[in-house]
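Just so we're clear, the structure is a prediction, and the values are computed from it rather than from any experiment. We count ligands from 1, going down the list as the structure has it; atoms in each ligand are counted the same way. Throughout, residue positions are numbered sequentially from 1 according to the sequence presented.
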Amino acid sequence: MTGSNIPGFYKLNLEERRELLKKFSDLTEEEISLLRNMGGLGENLADHMIENVISVMEIPIGIAVNFLINGKDYLIPMAIEEPSVVAAASNAAKMARVKGGFKAVSSDPIMIGQIEISGMNDPFGAKFRILEKKKELIEIANKQDPVLVKLGGGAKDIDVRVLDEKEPMVVVHLLVDVRDAMGANAVNTMAEALAPHISQISKGKVRLRILSNLATYRIARAYAIYDKETIGGEEAVNGIIEAYKFATLDPYRATTHNKGIMNGIDAVLVATANDWRAIEAGAHAYAALNGYTSITKWEKNEDGDLVGSIEIPMAVGIVGGATASHPKAKLMRKILRVDSAKEFSNVLASVGLAQNFAAIRALAMEGIQKGHMELHARNVAISAGAIGSEIDKVAEEMIKRKAIRGDIALEILNGIRNKS
Ligand code: MEV
């Protein structure tokens with residue numbers, strides 16, 4: 001066997017797929033045993049979750065502590081491979097507590113389904129014909145999901161946008177309240193059901209029918225006041241505001257600034273098996289609506305304290321999809337103690353704000369590398385082969401020497417082993 005064209009790979013069981021990989025990539029028996037470790041998910045569940053499964057990928061779950069959001073305490077699970085994110089979030093949340101923690105509010109969970117139409121003669125005429133039938137179209141959409149409607153959700157409105165009048169392209173936006181779900185399935189089903197009707201009314205050809213990840217109606221907002229003295233005085237306040245200004249003036253910086261925000265949000269999304277790609281796409285597109293800029297805002301109040309806020313589309317669910325089928329994701333939600341997608345959105349927005357605060361405070365003051373590298377040192381030690389108590393010993397010695405590198409780690413490790 002030489003090629004990657006393997007007919008029926010999907011029909012094989014996990015062990016057969018691993019056997020194939022063993023030959024293709026020259027894997028050892030020890031490596032195959034590593035693949036056999038299926039963690040808490042187990043072979044059966046994993047094999048039904050996606051296609052061509054061979055194993056699972058473990059990422060540590062850490063708990064961010066100190067979060068007080070709308071007066072309620074949260075312990076927040078974060079699944080992430082990057083050191084320092086959990087510690088930074090916890091530290092930022094601790095400082096926010098001094099002035100009452102985070103206040104957060106999320107809009108109703110309204111998602112947009114897009115139905116694209118082209119080929120009609122009169123795009124604006126089509127727009128008005130569709131709007132005239134709005135009530136009937138909403139009724140048809142709602143017939144697709146009586147359970148959602150019973151819960152108070154369902155299709156609520158229709159909007160029509162003409163994207164091109166010369167070579168007509170029109171898009172219908174179906175606005176759906178998806179309640180506690182992420183909503184992709186409900187919205188896509190409704191959009192597909194409406195397609196033939198829209199085609200007939202518009203006298204055009206319907207092609208794409210899909211949810212938009214730019215969830216501009218489903219926005220999570222959080223804000224926090226950081227006590228000036230707690231965070232390092234006026235210098236820290238001014239430094240953070242300057243870092244924010246930098247992000248508003250320069251997309252190169254805004255990208256990294258926003259990456260820091262998403263470090264925290266994504267980690268919670270991964271821990272709860274939410275579609276983090278959807279939130280990532282939505283967050284950056286939202287930040288780019290008027291030219292790419294910061295997702296957060298930082299300013300000073302009349303007391304000289306720092307005021308931070310965040311507004312971000314948040315299409316997350318606590319029911320449906322992998323959030324319901326993945327045993328550990330369900331457990332994470334129990335740990336989180338959130339009762340609705342709205343409450344979960346509040347938590348995520350607060351985590352994003354905290355993460356951004358921690359990053360830009362460190363950057364504006366001591367620089368990020370000190371804290372980062374200290375935590376990174378443990379990973380370097382592990383990569384060099386350190387195990388158990390050796391990990392901290394090697395890391396500490398590298399930090400002392402101010403040299404956090406693989407070759408140094410190896411040298412220290414050999415020294416420790418030779419001694420014992
Ligand atoms: C690293 O993962 C995230 C930061 O680069 C974010 C930032 O620069 O604001 C530290």
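Atoms of ligand 1 lying under 4.0 Å from at least one heavy atom of Glu82, given by number and element, are 1 (C), 2 (O). The contact set between ligand 1 and His257, taken as ligand atoms under 4.0 Å from a residue heavy atom, comprises 9 (O). Heavy-atom contacts of Lys259 reach the following atoms of ligand 1: 1 (C), 2 (O) (cutoff under 4.0 Å).
Take Lys156 and apply the side chain to side chain donor-acceptor pair (under 3.5 Å) test, not counting sequence neighbours, and it matches no residue. Applying the side chain to side chain contact (heavy atoms under 4.5 Å, CB included) rule to Asn188 yields the partners Ala184, Ile210, Leu211; only residues at least two apart in sequence or on another chain are considered.
For Leu363, every heavy-atom contact with ligand 1 shorter than 4.0 Å involves the side chain, none the backbone. By the criterion of a heavy-atom distance under 4.0 Å, neither the backbone nor the side chain of Val85 is placed next to ligand 1.
Taking any N or O of Arg253, backbone or side chain, at least one lies under 3.5 Å from an N or O belonging to ligand 1.
Side-chain atoms of Arg253 never come within 3.5 Å of backbone atoms of Ser294 as a donor-acceptor pair (strictly under, hydrogens ignored).
Of the N and O atoms on the side chains of Ser90 and Asn66, not one donor lies less than 3.5 Å from an acceptor on the other residue.
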Report task. Kindly indicate, with the supporting measurements, whether the criterion salt bridge (Lys or Arg N to Asp or Glu O under 4.0 Å) is fulfilled by Arg337 and Asp73. Result -> CA-CA 9 Å; Arg337 300 189 310 160; Asp73 273 295; over 6 Å; no
